[in-house]
Amino acid sequence: MPLPLLSALRVVAATLMLGCFALGAQAGLTWETLRIAQTAPAGATEVVGLYRFANTGNSPVTITSLQPTCGCTTATLDKRTYAPGEAGEIKATLHIGNRVGLQEKVIQIVTDAPDERPTTLVLAVDIPELLTYVPRLLHWKKVDAPDWKSALLNAGTALSIRTITLAPPSKEVLTELEAVEEGRSYRLKIKPAVAGQPINVTVAGTAVLADGTKVPFSLYALVR
Amino acid sequence: MKMILPRSAWREATALLLLALVPALATGWGHPLRPVWTWARPAVPEVALAALKPMAATVLWVDARPAEAYVSGHIPGAIALNEDEWERLLPSLLSVWQPGQRIVVYCDSSDCATSQAVALRLQRELQIETVAVLRGGWKSWQEATHR
């Protein structure tokens with residue numbers, strides 16, 4: 001086997017190895033991180049992530065587009081054009097609303113740097129559910145017997161449930177609350193008070209957690 | 001003349017490629033600037049507008065867009081339900097939904113994930129199984145109705 005061919009294979013393999021390390025390099029803007037993960041504090045209405053970057057290229061870079069893919073997320077920055085060596089940051093804010101669980105929100109960044117592809121920033125926020133209650137909807141057909149149906153109310157985090165109080169129930173339903181595991185899990189039983197009558201009732205209550213946090217909840221009873 | 005590589009050359013090439021694979025995998029896993037990949041398929045099935053035509057009269061449309069977008073225009077009969085105001089809007093849905101009725105959720109277009117989030121939440125919280133997401137969202141409705 002001619003020696004130059006073996007040497008050529010070594011050069012190709014070495015180039016592939018170097019190419020792996022070169023993947024992270026890019027002209028224009030260099031980002032400190034593309035993904036920020038946070039847990040929302042209890043009661044928070046918004047969560048902010050700061051994406052820092054610097055212009056590591058040789059010419060000014062203008063951010064031409066800053067587009068979150070969800071209306072629940074806003075993204076702002078102080079200015080659009082950055083000189084070589086200049087640093088900046090994008091402030092991404094997730095407005096929590098009534099969201100729960102893991103939220104992954106994307107912001108697309110486009111610049112005028114030559115040959116630079118759009119950059120995708122991700123803001124991953126875990127919004128703890130302090131109380132879970134499933135199912136929220138209990139329904140009966142009009143022809144069904146008005147039997148008890150139930151939902152489970154569970155502590156969603158390490159915080160235990162101190163008390164659960166139900167709002168005065170509608171006359172259209174009967175309710176019972178029983179502990180499955182004191183402090184952790186409760187069964188809320190509901191049944192229509194009268195058979196065969198259509199109803200659309202909200203059964204509301206408040207759970208107070210061990211740290212005093214009040215968590216309102218509401219379930220729905222339908223007869224249709 | 002047929003050129004045959006000796007076994008030692010193949011072994012050496014394989015070893016070099018495997019060596020290159022180690023930093024490549026490490027970069028792909030741990031580099032802070034790695035691309036954000038997603039291979040996830042939609043969890044709630046998508047349905048095209050054309051496929052809904054035979055049952056259009058019985059579908060309950062749910063608009064998952066922000067309130068301003070809903071007010072600007074929505075599929076006729078659609079109920080607004082989004083995660084910004086989930087607790088306030090949910091009773092409106094339940095006041096019109098019939099058990100067993102198919103719910104189709106939409107947001108702006110195919111690039112929007114909000115309809116999946118709302119549909120998943122309907123499945124999980126209310127255990128409504130007959131939920132789908134409109135492929136192409138509001139944009140597909142506009143394109144179909146403006147032809």
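Every heavy atom of this structure was used, including side-chain atoms; hydrogens, water molecules and symmetry mates were not. First the proteins, then the strands, lettered A, B, ... as listed; each starts at 1.
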Picking from A/Gln103, A/Lys105, A/Gln38, what satisfies side chain to side chain contact (heavy atoms under 4.5 Å, CB included) with A/Val47? A/Gln38
In terms of heavy-atom pairs under 4.5 Å, which option from [options] contacts chain A the most?
options	result
B/Glu83, B/Arg121, B/Glu85, B/Arg88	B/Glu83
B/Val22, B/Asp108, B/Leu94	B/Leu94
B/Cys107, B/Ser95, B/Ala113	B/Ser95

Given a strict heavy-atom distance threshold of 4.5 Å, which part of B/Gln127 is in contact with chain A: side chain, backbone, both, or neither?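 For B/Gln127, side-chain heavy atoms alone lie under 4.5 Å from chain A.
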So which part of B/Arg124 gets closer than 4.5 Å to some heavy atom of chain A, the side chain, the backbone, both or neither? both
Indicate whether any N or O donor in one side chain lies under 3.5 Å from an N or O acceptor in the other, for [X] and [Y].
X	Y	value
A/Asn154	A/Ser185	yes
B/Asp63	B/Tyr106	yes
A/Thr93	A/Glu46	no

Please state whether the rings of A/Phe53 and A/Trp31 are parallel, tilted or perpendicular, taking 30° and 60° as the class boundaries. tilted
Pick one of side chain, backbone, both or neither for A/Glu129, based on which atoms fall under 4.5 Å of a heavy atom in chain B.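 For A/Glu129, side-chain heavy atoms alone lie under 4.5 Å from chain B.
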Contacting moiety of A/Ser218, where chain B heavy atoms sit under 4.5 Å: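 Side chain only.
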Salt-bridge contact B/Glu87-A/Arg136 (side-chain N to carboxylate O under 4.0 Å):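 Yes, B/Glu87 and A/Arg136 are salt-bridged.
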Greatest number of non-hydrogen atom pairs under 4.5 angstrom with chain B, of A/Leu137, A/Leu222, A/Leu219, falls to A/Leu137
